[in-house]
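As structure tokens, the structure follows; a few thoughts come after it.
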Amino acid sequence: AQTVTQSQPEMSVQEAETVTLSCTYDTSESDYYLFWYKQPPSRQMILVIRQEAYKQQNATENRFSVNFQKAAKSFSLKISDSQLGDAAMYFCAYRGTFSGGYQKVTFGTGTKLQVIP
Amino acid sequence: KAGVTQTPRYLIKTRGQQVTLSCSPISGHRSVSWYQQTPGQGLQFLFEYFSETQRNKGNFPGRFSGRQFSNSRSEMNVSTLELGDSALYLCASSPYEGNTEAFFGQGTRLTVV
């Protein structure tokens, strides 16, 4: 079974600074998707960024970027120029594929990010 | 375009009762998935539906069931509620199968007493 590990239960960052959230996963598959989701206090999950395993180029969305190391099975999220609105729980997630379909999504335990003004 | 709508937002039920939660996906989305979120177990996948067919199912007992209608709206049902079923239930929709670009609703907070 696939597992997703987020080893940092909580992190803090000063406003305007950069922070990196860690995620590792375990899989024997070669084709899969990785995601970072943000869950603010409002509880609504928001997709931050998505990475397809067959793409070597790291995904980027504005101030959010990932460092995808397929061999190391590592998928970290970097938030640049942190803003107060970035404060939330961040979940790393994995979804494998197989011929003809997709496997269920597996989430990590989350990292609570605090942004200090 | 309206987002994913989950109803009701809050629900209190008694142990042994059953409950039905509803999810209306974004217009045009055909894939709906459900998740349970608890402080102890975190986020766990329940089901995924695409075009009225269940595509994936998580490791939950048979008391948890779901379905999707022809208009893509989905319901999940939990029978014989247990205290441990208290959780935030999240629904997500995607325009296509695979939910690789999922949009979530605000969830239904179920409390079992």
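It should be emphasised that the depicted structure is a prediction, and the values quoted were computed from it without experimental measurement.
Atom CE of A/M89 is separated from atom CG of B/L43 by 8.5 Å, given to the nearest 0.5 angstrom. In this structure, B/Q106 CD and A/R43 CZ are separated by 7.0 Å, a value rounded to the nearest 0.5 Å.
Along residues 67-80 of chain B, no residue comes nearer than 4.5 angstrom to chain A, judged on non-hydrogen atoms. Scanning residues 5-15 of chain B against chain A with a 4.5 Å heavy-atom cutoff picks out B/R9, B/Y10, ordered by number. Of all residues spanning residues 45-62 of chain A, those with a heavy atom less than 4.5 Å away from chain B's heavy atoms are A/M45, A/L47, A/R50, arranged by number.
The hydrophobic clustering, which links ILVMFWY residues whose side-chain heavy atoms are closer than 4.5 Å, places B/V19 and B/L83 together. One hydrophobic cluster, built from ILVMFWY side chains closer than 4.5 Å, cannot hold both B/I26 and B/F50; they sit in different ones. In terms of hydrophobic clustering, with Ile, Leu, Val, Met, Phe, Trp and Tyr side chains grouped at heavy-atom distances under 4.5 Å, A/F75 and A/L77 are assigned to a common cluster. Under a hydrophobic clustering in which Ile, Leu, Val, Met, Phe, Trp and Tyr are joined whenever their side-chain heavy atoms come within less than 4.5 Å, directly or via other members, A/F91 and B/L90 fall into the same cluster. Taking hydrophobic clusters as Ile, Leu, Val, Met, Phe, Trp and Tyr residues chained together by side-chain heavy-atom distances below 4.5 Å, A/V66 does not share a cluster with A/Y37.
Heavy atoms from other residues, nucleotides or ligands lying under 6.0 Å from NZ of A/K78 number 12 at most.
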Enumerate, atom names and distances included, each donor-acceptor pair closer than 3.5 Å involving a side-chain atom of residues 105-117 of chain A, sequence neighbours excluded.
from: A/T111; atom 1: OG1; to: A/Q6; atom 2: NE2; distance (Å): 3.4
from: A/T111; atom 1: OG1; to: A/Q8; atom 2: O; distance (Å): 2.6

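Only the side chain of B/Q37 comes within less than 4.5 Å of a heavy atom of chain A; its backbone N, CA, C and O stay farther away.
The shortest heavy-atom contact between A/Q39 and B/L88 is NE2-CD2, 4.1 Å.
With hydrogens and angles ignored, the 3.5 Å screen pairs a side-chain donor or acceptor of A/Q44 with a backbone N or O of B/F104.
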